[in-house]
There are 2 protein chains.
Amino acid sequence: MPTLAEVAEKAGVSIATVSKVLSNTPYFTEETRRKVMSAVEELGYLPNLAARALSSGKTHLIGVVFPYVYEGIFTDPLVQYILEGIEAECNARGYNILLSTPRLSSDGPDENYRQLLRSNYLEGIVALDNVPLGSVLSPSLRKNTPAVAIGYGDHPHYVRSDDLQGSTTLMEHVISLGHRRIGILTVDESLHYSIQMRHVGLDQVAEEAGLNYAHLPKYDRGDFSIASGMQGSAALLEHYDDLTALVCINDRMALGAIQQVQKMGLKVPDDITIVGYDDILSAQLFSPALTTIDQRAPELGHQAAQMLFALLNNENPDSVVIPTQLRVRESSAPPKVSR
Amino acid sequence: MPTLAEVAEKAGVSIATVSKVLSNTPYFTEETRRKVMSAVEELGYLPNLAARALSSGKTHLIGVVFPYVYEGIFTDPLVQYILEGIEAECNARGYNILLSTPRLSSDGPDENYRQLLRSNYLEGIVALDNVPLGSVLSPSLRKNTPAVAIGYGDHPHYVRSDDLQGSTTLMEHVISLGHRRIGILTVDESLHYSIQMRHVGLDQVAEEAGLNYAHLPKYDRGDFSIASGMQGSAALLEHYDDLTALVCINDRMALGAIQQVQKMGLKVPDDITIVGYDDILSAQLFSPALTTIDQRAPELGHQAAQMLFALLNNENPDSVVIPTQLRVRESSAPPKVSR
DNA sequence: AAATAGTAGTTAAGCGTTTAACTATTATAC
DNA sequence: GTATAATAGTTAAACGCTTAACTACTATTT
């Protein structure tokens with residue numbers, strides 16, 4: 001690999017001059033530029049990024065952090081949308097993405113990750129931070145590195161989906177259809193802040209409608225998976241066969257539930273309404289298509305990255321809460337009068 | 001950030017000794033180790049990765065390259081599975097992933113990417129390389145960086161899914177069910193090597209069964225999307241209403257086709273068999289569940305990463321072709337005798 | 001004509017490691 | 001008791017870049 005020194009020699013100038021030309025720092029003639037450039041060209045010179053990083057302190061590297069918790073990170077369909085959003089912003093600015101997927105336990109993230117984070121190797125960080133178990137972005141970890149959290153972690157700068165508004169809208173939809181005997185399919189809510197918020201929303205709307213949320217039939221041992229949606233709906237309907245609607249905390253569980261109730265001979269939405277949350281690809285494709293909440297995940301990624309670059313630019317961007325969108329499809333309808 | 005020098009001073013030794021202790025290079029006493037370690041501890045020393053990279057030439061960074069071609073990279077459902085596989089291997093070895101998503105045009109990948117690749121900043125590369133349009137891993141680009149291609153790019157080291165075996169198995173399944181009037185839904189085959197291979201497989205089996213593949217009704221202006229599957233199936237059935245089976249080049253188009261033919265009043269699989277390729281999540285969920293080919297994408301990622309680390313270790317791993325698995329589900333059945 | 005400001009380029013220090021080459025001490029062999 | 005080998009640690013060069021401080025001109029101002 002040719003170095004600055006070789007370019008300088010070939011061009012007949014000093015390495016400082018070459019550096020100036022390449023970084024467009026003022027004060028050189030067109031003549032010099034030409035000489036330098038043609039030397040660069042001939043030698044196929046490329047800057048050594050490690051050297052540049054060491055010297056300037058700028059790595060042009062953004063850490064994108066998706067903690068690995070209860071399941072593989074990439075099995076979460078939202079992750080890819082978020083990544084897409086972040087990627088677009090970084091690409092536009094010539095920044096590279098270092099993808100970090102720390103194992104998160106109750107002791108916090110793994111040692112590799114801690115070191116990476118504290119090493120100042122990353123100019124900035126965008127992290128999914130939604131897990132009460134532990135933050136990948138706690139103040140002691142992130143130190144001086146600008147960071148944006150996607151989620152409910154307690155951070156000065158964050159982007160969130162409006163889970164409260166989303167769950168409220170979803171529950172209002174179900175209740176306004178006339179349902180009152182409503183079952184809830186969810187996961188251990190200590191797992192996820194956004195799940196907790198969704199419960200708050202469901203609760204509020206239920207109470208306003210005169211329903212006691214705490215007493216609604218619930219299955220809370222799901223794990224986000226399709227299988228647990230099947231299991232949960234079976235368990236609920238076994239004890240409460242008069243339910244006219246199932247509100248599920250995510251789409252995969254909702255799709256599992258639909259399959260299960262169909263297997264049990266019920267029609268969706270005629271016999272029972274089932275709604276989800278997330279609007280994954282399968283939600284639109286499924287038959288019946290799933291009524292659900294679109295979190296607009298790519299937007300989460302875009303906004304988070306934009307905020308991060310604002311921070312790097314010494315601006316002070318406001319945190320953002322992104323409104324969700326109710327997608328009414330085929331899986332929800334008024335309850336049958338007969339039941 | 002404390003440096004080696006500060007640690008050395010605090011421990012009362014030279015920086016070379018500190019470096020030796022930390023890298024476990026022989027020849028120091030237990031006593032020294034203790035002094036160094038406690039200085040490290042007290043100061044919270046962490047190595048500067050840029051400096052280390054400059055000095056040692058090792059960045060501990062693996063480039064994972066997903067070219068951005070006709071559509072956003074992350075809209076391809078396989079990508080996340082592959083990423084999952086690569087991530088697991090890198091994580092186990094303490095390597096970090098630099099995620100690169102070059103824009104690929106007929107001039108090759110964009111300039112940012114070229115520079116990154118040739119800068120020796122990455123110790124190794126795993127790249128999706130399946131596009132005749134241009135390689136992200138051509139010899140001139142990758143130079144001395146060890147690289148593993150996932151796909152059909154012409155490289156010394158690659159991992160491929162066995163598209164020939166997959167498509168053969170798929171077509172054999174359809175033909176063995178008794179179908180002879182078969183339509184093909186595909187994309188411009190100049191877009192993708194693996195698509196080309198799938199055609200070869202379909203062709204072979206068709207010919208063996210006495211069908212002229214070239215004359216089978218085809219829609220080849222798809223773009224992998226659900227919408228184009230709907231469009232393509234509509235177009236085909238308009239001209240050939242006697243088709244008893246549609247073989248689709250990927251799952252999303254197949255799912256689109258199912259929706260479309262259902263909309264047209266046909267039953268799947270009673271009136272028409274529809275099969276896909278990929279086994280995306282929705283394939284299992286859809287009703288009817290889609291008969292398709294499972295490429296075992298996570299395995300592609302695992303194997304590719306393992307090969308790369310073998311290369312870094314100066315071994316000479318063999319390239320790998322990963323067999324696929326036919327998933328027979330509900331969307332395929334023998335043709336109705338009446339039609 | 002001297003002082004000042006602007007332009008063009010150079011010198012050299014510094015970024016924080018790694019590591020080859022060296023010195024000094026101690027243990028082992030004969 | 002010396003030669004040799006092994007051990008423990010140090011010195012200093014090197015990695016390739018950025019950038020502050022400097023010199024040397026040329027153009028402008030007064």
Side-chain angles (χ1 to χ4, degrees), chain A residues 1-37 39-40 43-61 94 96 115-116 118-123 143-144, chain B residues 1-37 39-40 43-61 94 96 115-116 118-123 143-144:
Chain A
M1 280 273 103
T3 69
L4 263 197
E6 297 172 45
V7 173
E9 189 182 0
K10 178 151 227 150
V13 296
S14 73
I15 70 168
T17 302
V18 177
S19 182
K20 269 190 193 161
V21 170
L22 292 180
S23 64
N24 244 316
T25 307
Y27 303 146
F28 48 83
T29 58
E30 183 52 31
E31 163 75 0
T32 313
R33 153 180 247 118
R34 263 202 23 266
K35 283 192 298 185
V36 168
M37 283 319 209
V40 164
L43 294 172
Y45 168 80
L46 282 179
N48 177 311
L49 298 182
R52 176 174 282 181
L54 175 59
S55 180
S56 70
K58 306 224 161 290
T59 55
H60 263 221
L61 226 42
N96 287 310
Q115 296 205 359
L116 174 65
R118 294 176 39 227
S119 72
N120 274 14
Y121 196 48
L122 303 173
E123 278 186 47
K143 288 248 183 182
N144 311 307
Chain B
M1 277 274 106
T3 69
L4 264 196
E6 297 173 45
V7 173
E9 190 182 359
K10 179 150 226 152
V13 296
S14 73
I15 71 168
T17 300
V18 176
S19 182
K20 270 189 191 161
V21 169
L22 292 180
S23 63
N24 243 315
T25 307
Y27 304 145
F28 47 82
T29 57
E30 183 52 32
E31 162 75 3
T32 314
R33 153 179 248 120
R34 263 200 24 265
K35 281 193 299 188
V36 169
M37 283 319 210
V40 163
L43 294 171
Y45 167 79
L46 281 180
N48 177 312
L49 297 181
R52 175 173 284 181
L54 176 59
S55 181
S56 70
K58 306 225 160 290
T59 54
H60 264 220
L61 227 43
N96 287 310
Q115 297 205 359
L116 175 64
R118 294 179 37 229
S119 71
N120 275 15
Y121 196 47
L122 303 174
E123 278 186 48
K143 289 249 183 183
N144 311 308

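Chain letters run A, B, ... following the sequence lines, proteins first and then strands; every chain starts at 1.
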In whole angstrom, give the distance that lies between atom [atom1] of [X] and atom [atom2] of [N].
X	N	atom1	atom2	value
Arg34(A)	dA8(C)	CZ	P	15 Å
Ile15(B)	dT18(C)	CD1	P	9 Å
Arg52(B)	dT18(C)	CZ	C1'	9 Å
Arg33(A)	dG9(C)	CZ	C1'	15 Å

Counting the atoms with a prime plus P, OP1 and OP2 as sugar-phosphate, which does [X] contact under 4.0 Å by heavy atoms, base, sugar-phosphate, or nothing?
X	value
Thr17(B)	base
Leu22(A)	nothing
Pro47(B)	sugar-phosphate
Tyr27(A)	base
Leu49(B)	nothing
Thr29(A)	sugar-phosphate

> Quick one: which of Ser19(B), Ser14(B), Pro47(B) gives a side chain to side chain contact (heavy atoms under 4.5 Å, CB included) with Leu4(B)?
Replying inline: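 Testing each of Ser19(B), Ser14(B), Pro47(B) against Leu4(B), the sole residue satisfying side chain to side chain contact (heavy atoms under 4.5 Å, CB included) is Ser19(B).
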Counting C-beta onward and ignoring hydrogens, is there a side-chain heavy-atom pair between [X] and [Y] closer than 4.5 Å?
X	Y	answer
Met1(B)	Asn48(B)	no
Val36(B)	Val13(B)	yes
Tyr45(B)	Leu22(B)	yes

> Around Glu6(A), counting heavy atoms of other residues, nucleotides and ligands shown, do more than 12 lie under 6.0 Å from its CD?
Replying inline: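 Buried by this count: over 12 neighbours within 6.0 Å.
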>> Quick one, Leu116(A) with Leu49(B), criterion side chain to side chain contact (heavy atoms under 4.5 Å, CB included). Give me CA distance, side-chain angles, the key distance, then yes/no.
In response: CA-CA 9 Å; Leu116(A) 174 65; Leu49(B) 297 181; 4.1 Å; yes
> When you match Ala16(B) and Thr3(A) each to their closest nucleotide on DNA chain D, which lands nearer the 5' end?
Replying inline: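 Of the two residues, Ala16(B) wins.
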> Pick the nucleotide of DNA chain D nearest each of Ala51(B) and Phe28(B); which residue has the one closer to the 5' end?
Replying inline: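 Going by which nucleotide is closer to the 5' end, it is Phe28(B).
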> Ignoring hydrogens and angles, are the base of dT17(C) and the side chain of Ser55(B) linked by a donor-acceptor pair under 3.5 Å?
Replying inline: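 Per atom types, the contact qualifies.
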>> What range of DNA chain D does chain B touch, first nucleotide to last, counting atoms under 4.0 Å from its heavy atoms?
In response: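 Listed 5' to 3', the contact boundaries are dT7(D) to dG16(D).
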>> If you assign Leu4(B) and Gly12(A) each to the DNA chain C nucleotide with the nearest heavy atom, which residue ends up on the more 5' nucleotide?
In response: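 Per heavy-atom nearest nucleotide, the more 5' residue is Gly12(A).
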>> For dG9(C) and Thr32(A) - does any side-chain N or O of the residue sit under 4.0 Å from the phosphate oxygens OP1/OP2?
In response: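 True: Thr32(A) side-chain N/O within range (under 4.0 Å) of dG9(C) OP1/OP2.
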> Between the main-chain N or O of Arg52(A) and the side-chain N or O of Ser56(A), is there a donor-acceptor pair closer than 3.5 Å?
Replying inline: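 Judged by distance alone, yes, a pair lies under 3.5 Å.
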